[in-house]
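Since the structure comes first, as structure tokens, the remarks are kept for the end.
What you are looking at is a predicted structure, and each value in this text was computed from that prediction instead of being measured. These numbers come from the heavy atoms of this one structure, side chains and all, not from hydrogens, waters or symmetry mates.
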Amino acid sequence: MQRGPKLWMPTKLTSVATTRRGNASFPSSLPFFLKSRVWQFIFVQLTFRSNLKPHNQSRNHPSSIRMGNVFALRLASLSTRCSPCQNRSTSTSTSSIINSTQAPLSTQEIASSSSSSSSAALNLLSSFSPPSSAYVHLPFCRRRCFYCDFPVVAVGERSEASKPYYDSTMLNYVDLVCREISATARGSPGGPLNTIFFGGGTPSLLPPYLLHRILDCLQSNFGLSSQMEISIEMDPGTFNGASLSELIDYGVNRVSVGVQSFNEKLLKACGRAHSLKDVYDAIEIIHSSSLDHWSLDLIASLPFLTPDLWMHSLTEAVEASPTHISVYDLQIEEGTKFGKWYASGQHPLPCEDDSAEFYRTASRKLREGGYDHYEVSNYAKTGYQCKHNLVYWRNLPYYAFGLGSTSYVERRRFSRPRKMKAYAAFVDDFEKAEGKVDFPEDSIEERILDTIMLSLRLAQGLNLREFAQLYGRSVTVAFCRGLQQFVESGHVKLLDIDGKDVGNHECHERHGIQWDVVERREETIYMRSFQTDPEAISCKPLRTKIASDWQALFGQDLPSFLKPDTVFVRLSDPEGFLLSNEIISSLFSAMSIVK
């Protein structure tokens, strides 16, 4: 399901991959928001694995290229900066890890820059803007799955006997969350909200009227946009047609169902509380509802998983016809039952090569089924990408509320306590401080690293021209030098302004306009618009002197692989994604990230 960003990449990606109950998850040391299915989620998903398994961040696999010092430093830095329980004196970010003589553009410089850099200016300024997204952690579960290390509260099965405990526990928690929301609005006002994500835990265990109360609190403090996306994670066996209908009435318009596997034995092997019958019942309930946007989660590399069983789960997932599918690789975390029972890469867990093949199979099967592989672990039908998850991957600000959650507000990341008593104390102190947190801002170096790690998780990739506008020549030159070997090997692709392979400018429709190349001279590409009058040819430079721009930026350092119309760089699918850890580690080294 999806909770927040989690850093992860495919198997041959190793040391930094992740696991998740159905949503990708981050290493236990990372901020929870990353563990939320979204960044499902900023990192792996910041940590991609360099060799094969999409998410095994906590383990070091001998076949993976050493991400070691470089990547570990960044992850450690994030972990330190995200802990709200520490005093500022002990939780300040690590010392600068990127040596750059190029100063970042100031707000004034950006505002006065040419129109061609307006999108770059917008992205740079966006981290100063109030968040328009919110993650809410609802930690309640029937029981803890064998692989789960998220902050959850196991409440058992609901019954008449347990109802008083259920109700009082959940009511008290919702009170705390609403208090935190109100205090946050006083200290960091923002809104209206465009996306809300309820992650867990198992949010569908919360009675709908209590979720409605949280939505009302968000509405009164921040406001909700008319086109907003409200997502909730739901486990099979924890909802019925009536409760789903009630949630839809309250505004929920996207659900993420934590199926994890279409095999009864595998569900039991990983400690899931639902049965295979519950899975098919849940799918039927959703199909019978008015909901038209829902996601289905699967976990690869479970104990005893075989290629045939994996293909069966993928086939059943496609036949269920969700609009979105998330595929996460199992990560073994210390302190979990799996962590006590199993060793990564050893039977009954798949070896690294098998895990990599599971990733390739998923990418091929789901794309053949009509799903776009828009992010390392996420696939969607056209128009149904998870808007909330994209907030994490684009490194935009967002609020977070509840146990263990991590927010990114005013360029500050910090995590709430993972234990209920400590979280309650945090809310008390937070209210007294009027919603203000004394915590250091991200440095420019940290933003550069985050931009690289997060952008390369997406099929769209990293906007190289925007990157150069934001961070300057020296950083961009070093980045391109690090890219060259992977461009030559085919693990990194170059794309033009429309996301096409460079050099491919055949007539295609873009934003309702038919564009056609009519001439190319002196490396300037002129386009013809037929938007209104097909007879009136209006020649204008859509890509004006791109080659000259690159030459001016790089001078004699212009990389030989950089084509005149290059705008985006991305990892190839699936092989580039599988080597993501290695690629990112190499890029960081090339940029002299470690002093």
Which heavy atom in Gly191 sits nearest to a heavy atom in Pro130, and how many Å separate them?
-> N-CB, 4.4 Å

So which heavy atom on Tyr379 is nearest to which on Tyr371, and how close?
-> CB-CB, 3.8 Å

Between Ser455 and Thr451, is there a donor-acceptor pair closer than 3.5 Å when you use the side chain of the first and the backbone of the second?
-> yes

Please report the shortest heavy-atom distance between Tyr209 and Glu246, naming the atom on each side.
-> N-OE2, 4.4 Å

Are more than 12 heavy atoms from other residues, nucleotides or ligands located less than 6.0 Å from atom CD of Gln227?
-> no

Nearest heavy-atom neighbours spanning Ala343 and Leu349 | O-CD1, 3.6 Å

Minimal heavy-atom distance between Phe401 and Val177, with the atoms involved, is CB-CG1, 4.2 Å

Backbone N or O of Tyr359 within a donor-acceptor pair of the Ser363 side chain at under 3.5 Å?
-> no

Mind telling me whether His287 and Trp294 have parallel, tilted or perpendicular rings, with 30° and 60° as the class edges?
-> perpendicular

Report yes or no: does Ser132 contribute a side-chain atom to a donor-acceptor pair with the main-chain N or O of Pro192 at less than 3.5 Å?
-> no

So, for Tyr384 and His324, is the gap between ring centers shorter than 6.0 Å?
-> no

Report the relative orientation of the aromatic rings in Phe262 and Tyr280; use parallel for angles under 30°, tilted for 30 to 60°, perpendicular for over 60°.
-> tilted

Any side-chain heavy atom of Ser275 sitting closer than 4.5 Å to one from Glu264?
-> yes

Mind checking whether Cys141 and Thr202 have side chains closer than 4.5 Å, heavy atoms only?
-> yes

Arg416 side chain to Tyr423 main-chain N or O, any donor-acceptor pair under 3.5 Å?
-> no

Could you give me the CA-CA distance, side-chain angles and deciding distance for Arg272 and Tyr147, then say whether side chain to side chain contact (heavy atoms under 4.5 Å, CB included) is met?
-> CA-CA 10 Å; Arg272 297 294 292 173; Tyr147 52 77; 3.4 Å; yes

Within-4.5 Å side-chain heavy-atom neighbours: Glu229 and Cys386 | yes

Here the pair of heavy atoms bringing Ala317 nearest to Pro322 is O-CD, 3.1 Å

Checking side chain to side chain donor-acceptor pair (under 3.5 Å) for the pair Gln346/Tyr342: CA distance, chi angles, key distance, verdict?
-> CA-CA 7 Å; Gln346 297 181 17; Tyr342 305 132; over 6 Å; no

Please confirm whether the backbone N or O of Arg213 pairs with a side-chain atom of Asp216, one donor and one acceptor, at under 3.5 Å?
-> no

Verdict with supporting geometry, Arg254 and His388, side chain to side chain contact (heavy atoms under 4.5 Å, CB included) = CA-CA 11 Å; Arg254 181 181 183 277; His388 186 83; over 6 Å; no

Short question: side chain of Ser289, backbone of Leu291 - any donor-acceptor pair under 3.5 Å?
-> yes

Measure from the side-chain N and O atoms of Asp235 to the backbone N and O of Thr238, and report whether any donor-acceptor pair falls under 3.5 Å.
-> no

Trace of the salt bridge (Lys or Arg N to Asp or Glu O under 4.0 Å) decision for Asp438 with Arg412 = CA-CA 9 Å; Asp438 184 19; Arg412 293 174 171 86; over 6 Å; no

Are Ser133 and Tyr392 side-chain neighbours, meaning at least one heavy-atom pair lies under 4.5 Å?
-> no

Centroid separation Tyr398 to Tyr135 less than 6.0 Å = no

Side chain to side chain contact (heavy atoms under 4.5 Å, CB included) between Leu267 and His274: does it pass, once the steps are laid out?
-> CA-CA 8 Å; Leu267 291 174; His274 66 263; 3.5 Å; yes

Phe146 vs Trp341 aromatic rings, parallel, tilted or perpendicular, using cut-offs 30° and 60°?
-> perpendicular

Write out all pairs satisfying salt bridge (charged side-chain N to carboxylate O under 4.0 Å, His left out) with one or both partners inside residues 310-322, taking only residues at least two apart or from two chains.
-> none

Just wondering, do Phe358 and Asp329 contact through their side chains at under 4.5 Å, heavy atoms?
-> no

Measuring from Leu276:CG to Lys268:NZ, what's the distance to the nearest 0.5 Å?
-> 10.5 Å

Exam field: side chain Ser243 to backbone Asn240, donor-acceptor pair closer than 3.5 Å = yes

Do side-chain atoms of Asn253 reach the backbone of Ile230 as a donor and acceptor pair under 3.5 angstrom?
-> yes

Does Lys381 NZ have over 12 foreign heavy atoms under 6.0 Å away?
-> yes

Check the side chains of Thr336 and Asp149 for a donor-acceptor pair under 3.5 angstrom, ignoring hydrogens and angles.
-> no

Side chain to side chain, Asp442 and Arg413, heavy atoms closer than 4.5 Å = yes

Parallel, tilted or perpendicular for Phe577 and His373, by the 30°/60° rule?
-> perpendicular

Taking only residues two or more places apart in sequence, or in another chain, which ones meet Phe239 in a ring-ring contact (aromatic ring centres under 6.0 Å, His included)?
-> none

Determine yes or no for a side-chain-to-main-chain donor-acceptor pair under 3.5 angstrom, with Arg144 supplying the side chain and Arg142 the backbone.
-> no

Side-chain contact test, heavy atoms from C-beta onward, threshold under 4.5 Å: evaluate it for Val174 versus Ile214 and give yes or no.
-> yes

Side chain to side chain contact (heavy atoms under 4.5 Å, CB included) evaluation trace for Leu218 with Tyr399 | CA-CA 11 Å; Leu218 291 168; Tyr399 295 113; over 6 Å; no

Do Leu247 and Val255 touch side chain to side chain, with heavy atoms closer than 4.5 Å?
-> no

Ring geometry between Tyr173 and Phe140 (parallel below 30°, tilted from 30 to 60°, perpendicular above 60°) | perpendicular

Report yes if the distance between the aromatic ring centroids of His137 and Phe150 is under 6.0 Å, otherwise no.
-> no

